[in-house]
Amino acid sequence: MAWGNAKSDGGKAYGLGIVTHNDEFFVGWSESEVRVRVQMMASETISDDETRASLPVEDSPYRNTARERGKVRKSDWANKIWKLYYRPFDWRYIYYEPDLMEIGRGGASRGVMPRIGQNNRVLMVSRGFEIEQFEHVLVANTVTVHHAATRKEGNYTFPLYLYSDPAKPGLWGAEEAPSSGPGGRRANLAPEFVAAMAGRLGLRWVADGRGDRVATFGPEDVFSYIYAIFHAPGYRARYADFLKSDFPRVPLTSNVALFRALCGLGDRMVALHLLEAEGDPAGRPSFPVPGDNRMEQARYVEPDGEHGRRGQVYINATQYFEGVEPEVWEFHIGGYQVAEKWLKDRKGRTLSYDDIEHYQKTIAALTETAARMERVDEVIEEAGGWPLG
């Protein structure tokens, strides 16, 4: 990997996503929902028994409600409710207090996870996989959980930038002081990797942001290049055996035109996957039938060209999204069938206007992603194919 050079508490510049062991308490659909729970946990007027009766918390040999409530009261809990990347294309909210969690407690995770108010990107990948093919790659812009991008294996998070932490003065080695980037950040890329890429491309490295991709390149160009490579079907097939047992590796190229093309494709996929860019309108499904928007059961109906019917995803007996192609309905990331998973997790809920629009954007993003992945293979073949020259 290109990451792993910074000195954090755990000696690594990457870490596993958060494991709370009690998502029902720590994670919610909205900031206000989480805030109400934590406020009750911190209350001085509500007894421990009332707390256990009202919240999804209980005592065990490893957990004591009174002790945990004391930790909450001492923490700055009102400022620790953050947006969370929970599942593919599924953002929620979390009360992020590392000292109350299993993974997320100290170590590398404190330094590598992007914090509120910081503009960052995190690559999520698995270290090996168990299913038929490698599809365990996704991008986040918030803190993430352990299974945000991988259903069975668990995902590691590799942030593009690391930020200095005034509360943790030992986070950085003296010889690795943060750069003067925004917020005191520095690129979380191994110097040896950067030097090798610069040497191959003949481009000058800029320490923050993007280069012009003609004479210079920067951390965000590297991130986009890697994101495109890891989504290439040819890469996944060629290195399938290796990918089953270790982190994906980054092949370098000396072809600047290829590098530039892959950066452009990666830029677009990153924006699509963060829903920061509209997908192709042709891939955006309609939601034509009014109703109560109750999510009861996700059911797919194949297109029927003879009768002019496009692919439909039903959420109840009468309402559906129309215009979802079979390959998009079947699109998987890390073992998750994304278009189905997002809806199944909302079973029993009423979809809001924002929920409906979010799902439409997700389908459009997945539709374009499939085409962009094929285009990555095409530009690599046009440049001479594998291995990269």
Side-chain angles (χ1 to χ4, degrees), residues 8-10 12 15-87 90-118 122 124 140 142-157 165-168 170-171 295 341 344-350:
S8 69
D9 292 344
K12 296 183 291 186
L16 287 165
I18 299 165
V19 176
T20 71
H21 278 313
N22 189 0
D23 285 3
E24 290 184 355
F25 172 74
F26 287 101
V27 178
W29 299 100
S30 67
E31 182 179 359
S32 59
E33 177 186 339
V34 177
R35 187 172 299 277
V36 167
R37 290 186 208 144
V38 184
Q39 193 168 22
M40 178 177 288
M41 194 76 169
S43 173
E44 298 280 4
T45 61
I46 299 174
S47 71
D48 293 344
D49 287 340
E50 289 175 301
T51 300
R52 283 187 288 265
S54 302
L55 296 175
V57 296
E58 59 184 26
D59 286 354
S60 74
Y62 307 101
R63 188 190 176 285
N64 178 275
T65 298
R67 182 186 67 231
E68 302 304 299
R69 295 187 76 192
K71 292 180 182 179
V72 174
R73 292 179 186 124
K74 291 178 182 178
S75 75
D76 184 18
W77 65 265
N79 292 313
K80 292 185 176 181
I81 299 174
W82 296 354
K83 198 169 186 180
L84 169 75
Y85 202 98
Y86 192 71
R87 294 292 184 268
D90 189 346
W91 286 265
R92 303 189 193 179
Y93 286 85
I94 187 170
Y95 166 48
Y96 181 57
E97 177 47 72
D99 290 338
L100 296 174
M101 297 173 180
E102 180 63 22
I103 296 179
R105 176 184 302 160
S109 62
R110 285 186 187 269
V112 304
M113 292 182 182
R115 283 162 283 176
I116 194 164
Q118 297 176 345
V122 173
M124 296 182 285
T142 66
V143 293
T144 72
V145 295
H146 190 43
H147 289 288
T150 53
R151 184 173 64 86
K152 293 181 65 176
E153 294 80 7
N155 50 249
Y156 287 80
T157 61
D165 188 345
K168 291 280 182 178
L171 183 63
M295 176 57 217
K341 174 66 175 171
K344 285 177 68 176
D345 282 356
R346 286 154 177 78
K347 185 174 182 179
R349 296 181 60 84
T350 297

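- Nearest heavy-atom pair across V72 and A42 is CG1-CB, 3.8 Å.
- Y86 pairs by the ring-ring contact (aromatic ring centres under 6.0 Å, His included) definition with nothing, not counting sequence neighbours.
- Of the charged side-chain nitrogens involved, at least one lies within less than 4.0 Å of a carboxylate oxygen, so that D345 and R92 count as a salt-bridged pair.
- Listed for the N155 side chain is no donor-acceptor partner under 3.5 Å among the backbone atoms of M124.
- Applying the side chain to side chain donor-acceptor pair (under 3.5 Å) test to S60 and every residue at least two apart in sequence or in another chain returns nothing.
- Side chains of H147 and R87 form a contact here, defined as non-hydrogen atoms less than 4.5 Å apart.
- What you find for W29 and Y93 is that their closest heavy atoms are O-CD1, 3.9 Å.
- In this structure, the separation between CD1 on I18 and CD1 on I94 is 4.0 Å, given to the nearest 0.5 Å.
- By the salt bridge (Lys or Arg N to Asp or Glu O under 4.0 Å) test, E153 pairs with no residue at all, sequence neighbours left out.
- E24 meets the side chain to side chain donor-acceptor pair (under 3.5 Å) test with no other residue; sequence neighbours excluded.
- Scanning for salt bridge (Lys or Arg N to Asp or Glu O under 4.0 Å) contacts around E58 gives an empty result, with sequence neighbours left out.
- Residues passing the side chain to side chain donor-acceptor pair (under 3.5 Å) test with N22, sequence neighbours excluded: none.
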Checking V38 against F25 for the side chain to side chain contact (heavy atoms under 4.5 Å, CB included) test, could you report, in this order, the C-alpha distance in whole Å, the side-chain angles of both residues, the deciding distance, and whether it holds?
CA-CA 8 Å; V38 184; F25 172 74; 4.3 Å; yes
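- For R35, the side-chain contact (heavy atoms from CB on, under 4.5 Å) test picks out E31, W77, A78, I81, with sequence neighbours left out.
- Between atom NZ of residue K74 and atom CD of residue E97 there is a gap of 12.0 Å, rounded to the nearest 0.5 Å.
- Residue L55 holds its CG atom at 10.5 Å from CD of E50, rounded to the nearest 0.5 Å.
- When every heavy atom of H146 is checked against every heavy atom of V19, the shortest pair comes out as CB-CG2, 3.3 Å.
- To the nearest 0.5 Å, the span separating CZ on R69 from CE on M40 amounts to 9.0 Å.
- In terms of the side-chain contact (heavy atoms from CB on, under 4.5 Å) criterion, residue partners of T350 (sequence neighbours excluded) are, by chain and number, N293, R294.
- Atom CG of residue L84 and atom OG1 of residue T20 lie 9.5 Å apart, to the nearest 0.5 angstrom.
- With sequence neighbours left out, the salt bridge (Lys or Arg N to Asp or Glu O under 4.0 Å) criterion links K347 to no other residue.
- Scanning for side-chain contact (heavy atoms from CB on, under 4.5 Å) contacts around A66 gives D48, N64, with sequence neighbours left out.
- Every side chain to side chain donor-acceptor pair (under 3.5 Å) that R63 has, sequence neighbours left out, goes to T65.
- Applying the side-chain contact (heavy atoms from CB on, under 4.5 Å) test between V34 and each of Y96, W82, Y95 identifies Y95 as the sole match.
- Contacts of R37 classified as salt bridge (Lys or Arg N to Asp or Glu O under 4.0 Å), with partners at least two apart in sequence or in another chain: E33.
- Not one N or O on the side chain of R52 forms a donor-acceptor pair closer than 3.5 Å with the backbone of V57.
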I would like to know whether Y85 and T157 meet side chain to side chain donor-acceptor pair (under 3.5 Å); could you show each step before the answer?
CA-CA 11 Å; Y85 202 98; T157 61; over 6 Å; no
